[in-house]
Asker: 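Have a look at the structure that comes next, please.
Naming: A, B, ... by sequence-line order, numbering from 1 per chain.
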Amino acid sequence: MNYFGWIQLALFVGLLLALTKPMGVYLTRVLDVDGKTFLDPIMRPVERLFYFLLGIDPKNEQDWKQYSFSLIAFSLVGALFTYAILRLQHLLPLNPQGFGPVDDHLSFNTAVSFITNTNWQSYGGESTMSYFSQMVGLALHNFTSAASGIAVAAAVVRGVSRNSSKTIGNFWTDLTRIILYVLLPICIIYSIFLVSQGMIQNFKPYETAQVINPYTAQVIKKDVNSQEIKDERGKPLTEERKVETQTILQGPMASQVAIKMLGTNGGGFTNANAAHPYENPTPLSNFLQMLSILLIPSGLTYYLGRTVKNQRHGWAVWSAMATILLVGFLVCWWAESNGNPHFQALGVDASAGNLEGKEARFGIFNSALFATVTTGTSCGAVNSMHDSFTPLGGLIPMLNIQLGEVIFGGVGSGLYGMIVFVVLAVFLAGLMIGKTPEYIGKKIEAYDVKASVMFIMVPVLSILGFTAWAAISSWGLAGLNNAGPHGFSEILYAFSSAAGNNGSAFAGLNSNSYWYDITLGIVMLLGRFFMIVPVLALAGNLAKKKLVPPSEGSFPVTGPIFTIILIGTVLIVGALTFFPALSLGPIVEHYIMTHSSTLF
Amino acid sequence: MNSLISQIRISLVATIVLAVVLCGVYPALIWGIAQALFPDKANGSLIMRNGKIIGSKLIAQNFTDAKYFHPRPSSAGDFGYDSTSSGGSNLGPTSKKLMDLVKERVDKYRSENNLSPKALVPADAVTSSASGLDPHISLRNALLQAPRVANTRGIDEKALVEKIQANTDGRDMRILGEPRVNVLTLNLSLDAS
């Protein structure tokens, strides 16, 4: 935890804080159908053309049921579209490597993964997906799932702020405006910047390099089913292979990576994701990638404050998110800096920390910060391998996801998730002090609390239920890369990541098997649509209510006390639910690592 | 029912229209600008020698000869440094397999570089990177390898250290990231002189 780390942290938080208001003001204009932006001269005609092609009246608002239906219909069509592209990959253009069709269960998993803004990678991008599949099948959803998330957040905020209204906006209008005015313009500038740092953007086949120092490598022999062949003593057999060339991947990467980060999608062009030197070439590109993950979620808190005409409430929500993020980060940074005592016992210099699965250009600080940011939000891109983190360092990313993806959260989903926690917080606080719970002039009643509790129960039940099932099934154990408590952590992380629509992984888990692809796919669907529908129901119900002017008896939703209550609600729900499971994984592993020489 | 069908029709049209703009126009536009402004970087920062591609500045290549600096260990692909199969070992902190690997690498590093059996070994030299393609090593790692390379090549160690420094990137904007030495460009500069 050195001096350079602290400066980078101050710079990061300072920039995030400075960008929150401008982004929030801009989002307020975009999410208002009559709002004016500086891009109007270019984008207005395009926007009108979109409405004409879609055949909709942008001012024709929907109630919560129609809004949900539009979103679900659009997602379903998108899923089928991507499934078809992946299955027919070998017949489609832009496939210079000649990749065959993607397996059916993997195609299902991947299509679901991208429409739900999860971007779980059971596939290795550079060895499975053609340029067409990446660009059309996958990157399309990087835009649309992000825009859908922001649209739902806007609908919920409208529900809170409107007085006796039946409608909460028009899904198609929101989708169009978010893509045309926010995502696309930022991505154009952002991708060019990424190329300037060394990221590739071309349509060429992979290059072959003649290596400078040819050598003979020992390769583990594998049979036709790619199982290791072992001798009679159980040691894997090896064969010699002369290495004279290196294949160097190519492709349209920058355009896809820009939206992958900005839309908190996280699905990498390559298997190594943002750790790959092409996908994250410099510490500067890394810094901006981290910032771009948080840009929209952070701006949305300002949008909340502005729309409900209580800016201090927006900042209170921002502070709650920032506090949990920073505390988690400090724990992760500390754990990774301290490193692994087993390494030190072998004579490894401890001062550099735990570098297994980390890149030299990023070091401990930037790996720990990236891991915390990518899991606090539902991004899921990684610039280091979380599977090789120390137990406590790896606990933080997992806990961040389990807290419900509200530590800034995914674009949109973070804000609507946090509003659910706000509703619960004012309800709990109201019960404690004997006041009628209300949230910015809206009485919180049984229906609202039921919808909120449903929202919270869905990920909890899916994570714990499916983890338990996998942990006692042969298909669940077959995918493990590590034994002992760390193996359990791999399973727990996978289902947390799927339910939280995060997409990062303890990537040793080989999840590209029939059962993992299907179960994780189901959990991703539950974690997206079974949460969006209750939250839109909540929005619809709040919108219907009359706004009551605040009185002496209203519970304040600003200031430090509210922030603390909000943090408390998030932590109590998350901690109470997941503490037992975490004890079986990272917590017990921490004590095994520090207090014994047991290895698995 | 009518409204349900109309929503599905809008979904279909929206998917197609958006696919054209976001998956056709947008990546093509970025491709055009990138190829015009940064042709070298957009095509992978490739290094050519005698008209042949010999690697990329950003992608680690393995070096095993004593006269070259060695990169970090790699878990990418069956034998490492496979740029079509990027990734880390994904072995956890209490993995026996990982500790065996690290022990083997520590012993090898000490014997190759003539270090005492108690000498501390730089962490980046014995741990595999996240991508398996990390093109960099730490400055300390490079300096510990310098005597071996100088001896094998019969060159002055001081001149070699200057070469190392010439191939070292500092922190970006003096603040971000870590100082690091590019192994491939350093080795090429040795061959060139």
Side-chain angles (χ1 to χ4, degrees), chain A residues 53-54 70 73-74 77 81 126-127 135-136 140 143 191-192 195-196 198 200-202 207 209-211 213 215 217 219 247-249 252 255 270-272 275-277 283-284 287 340 342 346-349 352 355-361 363 384-385 387 390 481-482 486 507-508 593 599-600, chain B residues 7-8 10-15 17 19 22-23 27 30-31 33-34 38 41-45 52-56 58 61 63-65 68 78-79 83-84 86-88 90 92-96 99 102-103 106 120-124 127 129-131 133-136 172 175-178 180:
Chain A
L53 291 171
L54 265 54
S70 297
F74 181 58
V77 168
F81 176 76
E126 68 269 49
S127 54
M135 242 169 61
V136 184
L140 174 68
F143 282 98
S191 356
I192 304 293
V195 176
S196 80
I200 52 177
Q201 177 76 10
N202 62 57
E207 301 280 7
Q210 305 295 322
V211 303
N213 178 194
Y215 63 102
V219 184
T247 310
I248 295 178
L249 99 148
S255 53
T270 61
N271 191 42
H276 196 292
L284 180 61
F287 192 78
N340 186 334
H342 293 312
L346 292 172
V348 179
D349 183 3
L355 279 181
E356 177 68 29
K358 296 192 178 65
E359 299 279 299
R361 62 195 179 285
S384 56
M385 294 300 139
D387 214 348
T390 59
N481 188 44
N482 285 278
H486 202 79
M593 182 185 85
L599 294 174
F600 296 95
Chain B
Q7 292 301 308
I8 290 174
I10 300 175
S11 303
L12 279 170
V13 177
T15 302
V17 173
L22 303 174
C23 312
I30 303 303
W31 172 78
I33 301 175
F38 310 102
K41 286 171 169 162
N43 292 315
S45 311
K52 273 190 190 153
I53 298 169
I54 51 167
S56 162
L58 292 178
Q61 198 171 99
F63 288 91
T64 51
D65 282 4
Y68 288 117
D78 289 339
F79 46 88
S83 112
T84 60
S86 56
N90 284 312
T94 53
S95 157
K96 181 161 189 315
M99 297 317 143
V102 171
K103 184 169 188 318
V106 167
L120 285 180
V121 173
D124 64 292
T127 52
S129 62
S131 62
L133 304 169
D134 192 344
H136 299 113
D172 286 13
I175 299 173
L176 304 177
E178 306 289 331
R180 56 213 183 269

Asker: Highest number of heavy-atom pairs under 4.5 Å with chain A: which of Pro122(B), Pro135(B), Gly87(B), Ser56(B)?
Answerer: Ser56(B)

Asker: Only counting residues at least two apart or in another chain, list the ones meeting salt bridge (charged side-chain N to carboxylate O under 4.0 Å, His left out) with Asp65(B).
Answerer: none

Asker: Measure distances from Ser70(A) to the heavy atoms of chain B and classify the residue's part below 4.5 Å as side chain, backbone, both or neither.
Answerer: both

Asker: Highest number of heavy-atom pairs under 4.5 Å with chain B: which of Val219(A), Thr390(A), Thr247(A), Leu54(A)?
Answerer: Leu54(A)

Asker: For a side chain to side chain contact (heavy atoms under 4.5 Å, CB included) check, start with the C-alpha distance between Asn340(A) and Met99(B), then their side-chain angles and the critical distance, and finish with the verdict.
Answerer: CA-CA 10 Å; Asn340(A) 186 334; Met99(B) 297 317 143; 3.7 Å; yes

Asker: Do His486(A) and Pro93(B) have side chains that approach each other closer than 4.5 Å (heavy atoms only, starting at C-beta)?
Answerer: yes

Asker: What part of Phe81(A) gets within 4.5 angstrom of chain B, counting heavy atoms only: side chain, backbone, both, or neither?
Answerer: side chain

Asker: When you measure from the side chain of Asn482(A) to the backbone N and O of Gly92(B), does any donor-acceptor pair fall under 3.5 Å?
Answerer: yes

Asker: Pick one of side chain, backbone, both or neither for Lys103(B), based on which atoms fall under 4.5 Å of a heavy atom in chain A.
Answerer: both

Asker: Rounded to the nearest 0.5 Å, what's the gap from CD on Gln61(B) to CD on Gln210(A)? Could you check?
Answerer: 10.0 Å

Asker: Which bit of Tyr68(B) is near chain A, if near means a heavy-atom gap under 4.5 Å: side chain, backbone, both or neither?
Answerer: side chain

Asker: Determine the option with the most heavy-atom pairs under 4.5 angstrom with chain B, choosing from Ser127(A), Ser196(A), Ala73(A).
Answerer: Ser196(A)

Asker: Tell me, for Asn481(A) versus chain B, whether the close heavy atoms (under 4.5 Å) come from the side chain, the backbone, both or neither.
Answerer: both

Asker: Out of Ser191(A), Ala217(A), Ala352(A), which one racks up the most heavy-atom pairs below 4.5 Å with chain B?
Answerer: Ser191(A)

Asker: Pick whichever of Val106(B), Leu120(B), Ile33(B) has the most heavy-atom pairs under 4.5 Å with chain A.
Answerer: Leu120(B)

Asker: Using heavy-atom distances under 4.5 Å, tell me whether Glu207(A) contacts chain B through its side chain, its backbone, both, or neither.
Answerer: side chain

Asker: When rounded to the nearest 0.5 angstrom, what distance separates CG in Leu140(A) from SG in Cys23(B)?
Answerer: 4.5 Å

Asker: Quick check for you: to the nearest 0.5 Å, what is the distance between Asn90(B) atom CG and Glu356(A) atom CD?
Answerer: 9.0 Å

Asker: Measuring heavy-atom distances to chain B, does Ala507(A) have an atom under 4.5 Å in its side chain, in its backbone, in both, or in neither?
Answerer: both

Asker: Is there a side-chain contact between Arg361(A) and Asp134(B) (heavy atoms, below 4.5 Å)?
Answerer: yes

Asker: Which heavy-atom pair separates Ala42(B) from Val195(A) by the least distance, and what is that distance?
Answerer: CB-CG1, 3.9 Å

Asker: Would you give the length of the straight line joining atom CG of Asn202(A) to atom CG of Asn43(B), rounded to the nearest 0.5 angstrom?
Answerer: 5.0 Å

